Amino acid sequence: MSVRVRFAPSPTGPLHIGGARSALFNWLFARRHGGTYIVRIEDTDLERSSRESEKNILDSLHWLGLDWDEGIDVGGPHGPYRQTERLDMYRHYAEVLLQKGLAYRCYCSEEELAAEREELLAKGELPRYLGRCRALTEEDCRRHEAAGRKPVIRFRVPAGDAILIRDLVRGDVTFERSEIGDFIIIKSDGIPTYNFAVVVDDHTMLISHVIRAEEHLSNTPRQVLLYDAMGWDKPEFAHVSLILGKDRSKMSKRHGATAIEQYRAKGYLPETLVNFLALLGWSPGGEEEVFPLNELKQQFSLDRVAKSPAVFDLEKLNWLNGHYIRQAPLDQLTDMAVPYLEKAGYLSVPLSPEKYQWVKMVVASLQKHLSYMEEITGQARIYFEDDFEIEGQDAQDIMAGEQVPGVLRCLAKKVSVSGEIKENDAKELLKEVGRDLGLKGKQIFMPVRVALTGSTQGPDLNQIMAILGGEGIIQRLSRWT
RNA sequence: GGCCCCAUGGUCAAGCGGUCUAAGACACCGCCCUUUCACGGCGGUAACCCGGGUUCGAAUCCCGGUGGGGUCACCA
């Protein structure tokens, strides 16, 4: 049987970190087994679903490099791939269930339902639907309809044994049927509920493995009941544990950036997110931590997926992204950097070829220092702002050194006669200063660094000088000489 | 609260009955490299939730407790 898996987001917001990982795991599983990867949109929540969110999710998926074989916007033989375009199908199957007596119309109002829930709660029982409309006659139905009541369709949970779910990551999990009341499969507006639509879709789309977040585990028994009632084979299930925030609760907005687009906006690379997310809940077993997509897809397997939830560690993400930034081609990084520098007011586009080359030098000098590209705004400040403060006591102390005025004067003189300054020239000039004054190491480098940038930390000094250029250096030095 | 899931260092995690005086990565701390700053390299601190079993032997299996998480909608 061929592998067919799907990612089925509901378009009620941007693609979340957790959703992205589900999408990734499904994608990896499909690619690993030469299967088919499908993206389906679960937009049966008419209130909250939007085309903007749908587009956003698809954009994020594209950006991550998770291409799909069937689904929204690429089509396929099992479409449509948007649930609101499949309503006839759900109604058809609901009708089948109705005909077989496995489902029934329910006319209970929200108030009646709420009252029932209160009552059960008060008695300390599990709130669930007790089946008031289970045995309605045709006559009853007509009466309710006449009274203007719109029915929902409920699934009639049959009596029987505990429901067993064989989960590929959790093992066997059982649920008692008594915990499950007759649940709604078609809402009063004719739209199917999640549990029903998901079963109809997964079956009709020939899904072989349902890989999704653990929060869906407790829904699974209802879906199993539906498969059985329809006489359909069940897919394999694999429930992956959740991604947690720092406080160990389900990752949400209050934990910081949760949407893929936010990381994209901050200048993280897609390969970082993919690599990081893959390692969150899955482990290759070896000692390597850095895996590009194409390696992941060769190694991924469900039996190496962890059962315990994982805390999202921003520090490790930052390290990984820095790692990828250090390896990325300079042109790519420069293109990424320009919008941030422009936004900071440091550049105005379009850039002349000369200016672009210069920006490349800026980016090259910072490449080893960045965790994500947005940081360049702060770190590139040293190249764009002349009237900076001397930061911190360390820097002040350094500038108080008695050799400092001599060093800076000497350097200024050499720079002024040297014309254009390349990295090697800078190195040479500094060496000469040291020779002339009989100084070395920190005694000359640190004062120059602080005089030029205001800080004891930053990029390679030779690069800084090359980027500032002769005039820039002299101007900044003039403050001290 | 009921039900379900989970439990190795601060975090991600390897481990799937003996080779565990328990890998690796992030973070942290040292040292080295660099006549500066980083990057990088090397080293270090740091963990099997508790209690019972099973077994010659348990981080690994079973039970209980505790802790954490998820879920209980005409949301997905």
Side-chain angles (χ1 to χ4, degrees), chain A residues 8-12 42-45 47-49 83 106 108 110 113-114 117 121 124-128 150-154 165 167 169-171 173-176 178-181 183-189 191-195 197-198 213-221 239 241-242 244 246-250 276 279-290 303-304 306-320 322-323 326 365-369 427 430-431 434 439-450 453 455-464:
Chain A
S10 63
T12 54
E42 308 212 328
D43 58 347
T44 54
D45 184 341
E47 292 292 308
R48 298 192 301 150
S49 296
Q83 290 187 326
C106 165
C108 293
E110 283 187 47
L113 260 17
R117 191 169 24 244
L121 244 20
E125 284 183 48
L126 185 75
R128 79 215 110 106
K150 287 275 208 185
V152 300
I153 299 177
R154 282 183 188 274
I165 293 159
D167 191 283
V169 350
R170 301 203 172 256
V173 182
T174 57
F175 291 85
E176 291 303 323
S178 57
E179 295 158 18
I180 303 172
F183 55 92
I184 295 171
I185 57 175
I186 300 283
K187 306 182 228 176
S188 58
D189 59 3
I191 307 290
T193 57
Y194 165 73
N195 281 125
V198 80
E214 193 195 333
E215 54 190 322
H216 290 291
L217 186 55
S218 50
N219 273 314
T220 310
H239 289 93
S241 58
L242 266 14
L244 274 25
K246 250 193 154 44
D247 66 353
R248 304 206 130 266
S249 67
K250 186 160 84 167
F276 183 73
L279 258 26
L280 218 49
W282 174 80
S283 152
E287 297 187 354
E288 193 55 45
E289 301 273 338
V290 180
D303 52 9
R304 293 201 63 85
K307 296 176 174 189
S308 48
V311 171
F312 184 88
D313 182 3
L314 189 60
E315 301 223 49
K316 188 160 183 178
L317 208 222
N318 284 339
W319 165 78
L320 227 207
H323 180 87
R326 272 166 243 136
S365 76
L366 262 13
Q367 186 170 10
K368 286 186 276 194
H369 299 256
K427 194 171 185 176
L430 288 168
K431 205 179 280 181
L439 296 169
K440 59 172 189 164
K442 290 192 168 158
Q443 291 194 292
I444 74 170
F445 284 94
M446 284 317 244
V448 173
R449 176 181 288 284
V450 175
T453 69
S455 169
T456 56
Q457 300 200 328
D460 178 86
L461 188 53
N462 301 318
Q463 289 185 312
I464 292 174

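Just so it is clear: chains get the letters A, B, ... in the order the sequence lines come, proteins before strands, and each one is counted from 1. Bear in mind that the values here come from a model prediction, so they are computed numbers and not experimental data.
- Summarising the geometry of A/R117 relative to A/P127, their closest heavy-atom pair is CG-CB, 3.4 Å, with the distance given to 0.1 Å.
- Rounded to whole Å, the distance from CG on A/D460 to P on B/C33 is 18 Å.
- Rounding to the nearest 0.5 Å places CD1 of A/I191 at 10.0 Å from CD of A/Q83.
- The nucleotide B/U19 finds no pairing partner, because no Watson-Crick or G-U wobble arrangement with both distances shorter than 3.5 Å includes it.
- Atom OG of residue A/S283 and atom CZ of residue A/R304 lie 4.5 Å apart, to the nearest 0.5 angstrom.
- B/A23 and B/A59: their P atoms are spaced 14 Å apart (whole Å).
- Searching all strands for a Watson-Crick or G-U wobble partner of B/U36 with both distances below 3.5 Å returns nothing.
- Rounding to whole angstrom units, CG of residue A/N462 and P of B/A38 are separated by 15 Å.
- Of the candidate nucleotides B/C3, B/A13, B/C37, B/C37 has the atom nearest to the side chain of A/K442.
- Atom NZ of A/K307 is separated from atom P of B/C12 by 17 Å (rounded to the nearest Å).
- B/C72 and B/G53 are spaced 40 Å apart, taking the P atom of each and rounding to whole Å.
- The distance from the CG atom of A/L314 to the CZ atom of A/F276 is 7.5 Å, given to the nearest 0.5 Å.
- With C1' as the reference atom, B/G70 and B/U60 are 26 Å apart, rounded to whole Å.
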| said: Before you tell me yes or no, could you show the steps for A/I464 and A/V448 under side chain to side chain contact (heavy atoms under 4.5 Å, CB included), namely the whole-Å CA-CA distance, both residues' side-chain angles and the distance that decides it to 0.1 Å? | reply: CA-CA 10 Å; A/I464 292 174; A/V448 173; over 6 Å; no
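- Residue A/K427 contributes atom NZ, which lies 15 Å from atom P of B/C37 at whole-angstrom precision.
- Contact check, A/Q457 against B/A38: a side-chain N or O comes under 4.0 Å of OP1 or OP2.
- Between the side chains of A/S249 and A/D247, at least one donor N or O lies within less than 3.5 Å of an accepting N or O.
- Residue contacts shown for A/F276 are absent, as no nucleic acid heavy atom lies under 4.0 Å away.
- B/G67: Watson-Crick or G-U partner is B/C6, with both key distances under 3.5 Å.
- Map A/G441 and A/R304 each onto its nearest nucleotide of RNA chain B; the residue landing nearer the 5' end is A/R304.
- Residue contacts for A/S455: at a heavy-atom cut-off of 4.0 Å it reaches no nucleic acid atom on any strand shown.
- Residue A/L461 is classed as a base contact, given a heavy-atom separation below 4.0 Å to a base.
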| request: Report the C-alpha distance between A/T44 and A/T193 in whole Å, list the side-chain angles of each, state the deciding distance to 0.1 Å, and finish with yes or no for side chain to side chain contact (heavy atoms under 4.5 Å, CB included). | output: CA-CA 7 Å; A/T44 54; A/T193 57; over 6 Å; no
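- Rounded to whole angstrom, the span from the CG atom of A/L314 across to the P atom of B/C12 amounts to 14 Å.
- Separation of the C1' atoms belonging to B/G30 and B/U35 is 22 Å when rounded to the nearest angstrom.
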| request: Spell out protein contact along nucleotides 68-76 of chain B as letters: B when the base is contacted, S when just the sugar-phosphate is, - when no protein heavy atom is under 4.0 Å; keep the 5' to 3' order. | output: -BSS--BBB
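- With rounding to the nearest 0.5 Å, the separation of CG in A/L242 from CD in A/E215 is 5.5 Å.
- Judged by Watson-Crick or G-U wobble contacts below 3.5 Å, the nucleotide B/U60 has no partner.
- Taking atom CZ on A/R128 and atom P on B/G1, their separation rounds to 19 Å, with Å as the unit.
- Checked against B/C6, B/G15, B/C4, the side chain of A/R170 finds its nearest nucleotide in B/C6.
- If you take atom C1' in B/C56 and the same atom in B/C63, they sit 22 Å apart, rounded to whole Å.
- The two atoms that bring A/R170 and A/H239 nearest to each other are NE-O, 3.0 Å, heavy atoms only.
- Whole-Å rounding puts the A/K368 NZ to B/U36 P distance at 13 Å.
- Between the CD atom of A/E179 and the P atom of B/G1 there is a distance of 16 Å, rounded to whole Å.
- B/U11 sits 14 Å from B/G69 when the P atoms are compared, rounded to a whole Å.
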| note | Per-nucleotide protein contact along nucleotides 20-31 of chain B, 5' to 3', at a 4.0 Å heavy-atom cut-off (B base, S sugar-phosphate only, - neither), is ---BBBBS----
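- Mapping A/G281 and A/R326 onto RNA chain B by nearest heavy atom places A/G281 at the nucleotide closer to the 5' end.
- To the nearest 0.5 Å, atoms CD (A/E214) and OG1 (A/T220) are separated by 10.0 Å.
- Here the separation of B/A46 from B/A13, taken at their P atoms, is 23 Å to the nearest Å.
- Look at the P atom in both B/C5 and B/C61: the space between them is 15 Å, to the nearest Å.
- A 3.5 Å limit on both hydrogen-bonding distances identifies B/G1 as the Watson-Crick or G-U partner of B/C72.
- Nearest heavy atoms, A/L279 versus A/P284: CD1-CD, 4.0 Å.
- Not counting sequence neighbours, A/H369 has no partner by the ring pair (Phe, Tyr, Trp, His ring centres under 6.0 Å) test.
- In this entry B/G43 has B/C29 as its Watson-Crick or G-U wobble partner, both defining distances falling under 3.5 Å.
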